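To start, the structure itself, in structure tokens.
All of these numbers come straight from a predicted model, not from anything done at the bench.
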Amino acid sequence: FNLWDDLSSLEDLYVLDPLGYHAFLKLQMCATIIITDSGGVQEESSFLNIPCLTLRANTERPITVEQGTNLLVGHKDLSFFEEQIENILAGDWRQSDLPSYWDGQTAFRISQIFKNKIIPACKKYS
């Protein structure tokens, strides 16, 4: 289909080999727009407050659409997709309103549950 030739002709598009998690996260942090079909990337883009266009009609991460920066653009309507890219590049995009538990304190909360509930319950039976 000559897709490689078409992609290679675009100046600002880079096709990369698969990356490790940290390298990929760094790319996301520096992005202007994220285009994906990945649920995990939808969450990361919302946390990073980077506009995300998801090439799907639905998502298993609806909170990223409701409170985050994610917009489902499907994969059929090219004009809608292009319009959203233009909006983002013009600065017309909502900021993420992160869910209350997306505060970077998950590890602390889990450790408190272990300290205050799990360990005492285990000691009770040992």
Side-chain angles (χ1 to χ4, degrees):
F1 298 106
N2 294 324
L3 181 59
W4 183 253
D5 293 337
D6 291 342
L7 290 173
S8 299
S9 71
L10 299 171
E11 290 182 27
D12 294 330
L13 179 72
Y14 302 93
V15 179
L16 305 173
D17 290 329
L19 299 172
Y21 178 72
H22 290 104
F24 185 67
L25 189 59
K26 177 67 174 174
L27 279 179
Q28 290 180 82
M29 292 170 67
C30 296
T32 301
I33 302 170
I34 295 174
I35 301 169
T36 190
D37 69 348
S38 163
V41 173
Q42 294 169 47
E43 287 182 340
E44 291 162 354
S45 70
S46 288
F47 184 80
L48 296 170
N49 209 16
I50 305 293
C52 180
L53 300 177
T54 298
L55 301 173
R56 292 172 42 186
N58 56 42
T59 179
E60 68 279 5
R61 309 300 207 296
I63 200 161
T64 66
V65 175
E66 296 161 5
Q67 292 185 255
T69 61
N70 187 25
L71 177 67
L72 300 176
V73 294
H75 54 78
K76 296 180 181 175
D77 187 350
L78 183 58
S79 62
F80 179 71
F81 178 66
E82 290 173 333
E83 179 183 328
Q84 299 312 311
I85 290 174
E86 290 172 8
N87 290 344
I88 292 166
L89 295 176
D92 183 16
W93 196 258
R94 66 180 176 172
Q95 297 294 303
S96 183
D97 183 17
L98 291 178
S100 60
Y101 287 115
W102 288 24
D103 60 3
Q105 298 299 312
T106 301
F108 175 75
R109 283 191 291 276
I110 291 171
S111 69
Q112 293 302 301
I113 291 169
F114 268 90
K115 179 180 174 185
N116 298 326
K117 295 183 180 184
I118 306 294
I119 293 173
C122 290
K123 284 183 179 180
K124 179 178 173 181
Y125 296 105
S126 60

Exercise for the section: Walk me through it: do L25 and L48 pass the test side chain to side chain contact (heavy atoms under 4.5 Å, CB included)? Expected result: CA-CA 10 Å; L25 189 59; L48 296 170; 4.0 Å; yes

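By the rule that hydrophobic residues join a cluster once side-chain heavy atoms approach within less than 4.5 Å of another member, V41 and Y21 end up as members of one cluster. Note on L3 and L13: same hydrophobic cluster, where clusters join Ile, Leu, Val, Met, Phe, Trp and Tyr whose side-chain heavy atoms are under 4.5 Å apart, directly or indirectly. Clustering ILVMFWY residues whenever any of their side-chain heavy atoms sit less than 4.5 angstrom apart, transitively, puts L53 in the very cluster that holds L78. Residues I113 and F108 fall into different hydrophobic clusters, defined by Ile, Leu, Val, Met, Phe, Trp and Tyr side chains chained together at heavy-atom separations under 4.5 Å. Hydrophobic clustering (ILVMFWY, side-chain heavy atoms < 4.5 Å, transitive): L55 and L89 are in one cluster.
Between I35 atom CD1 and I88 atom CD1 the span is 7.5 Å, to the nearest 0.5 Å.
For CG of D6, the number of neighbouring non-hydrogen atoms (other residues, nucleotides, ligands) closer than 6.0 Å is greater than 12.
Taking each heavy atom of F47 and W102 in turn, the nearest pair found is CE1-O, 3.4 Å. Annotation for G39 and R61: closest pair CA-NH1, 3.3 Å, computed over non-hydrogen atoms. For I63 against P99, the heavy-atom pair with the smallest separation is CD1-CG, 3.2 Å. Residues T69 and S96 share a closest heavy-atom pair of CG2-CB, 3.5 Å. The heavy-atom pair separating D37 from R56 by the smallest distance is O-NH1, 2.9 Å.
A heavy-atom distance below 4.5 Å is found between the side chains of T59 and Q42. Here the side chains of R109 and Y101 are in contact, with some heavy-atom distance below 4.5 Å. Residues I34 and Q28 have side chains in contact (heavy-atom distance under 4.5 Å, counting atoms from C-beta outward). When side chains are defined from C-beta on, F80 counts as touching L71, because their heavy atoms get closer than 4.5 Å. No side-chain heavy atom of S45 sits less than 4.5 Å from a side-chain heavy atom of T64. When side chains are defined from C-beta on, V65 does not count as touching T54, because their heavy atoms never get closer than 4.5 Å. Looking at heavy atoms from C-beta onward, F81 lies out of side-chain contact with H75 at the 4.5 angstrom threshold.
Among M29, Q95, R94, the single residue meeting the side-chain contact (heavy atoms from CB on, under 4.5 Å) criterion with N49 is Q95.
Looking only at atom types and distance, the side chain of N70 has no donor-acceptor partner in the side chain of S46 under 3.5 Å away.
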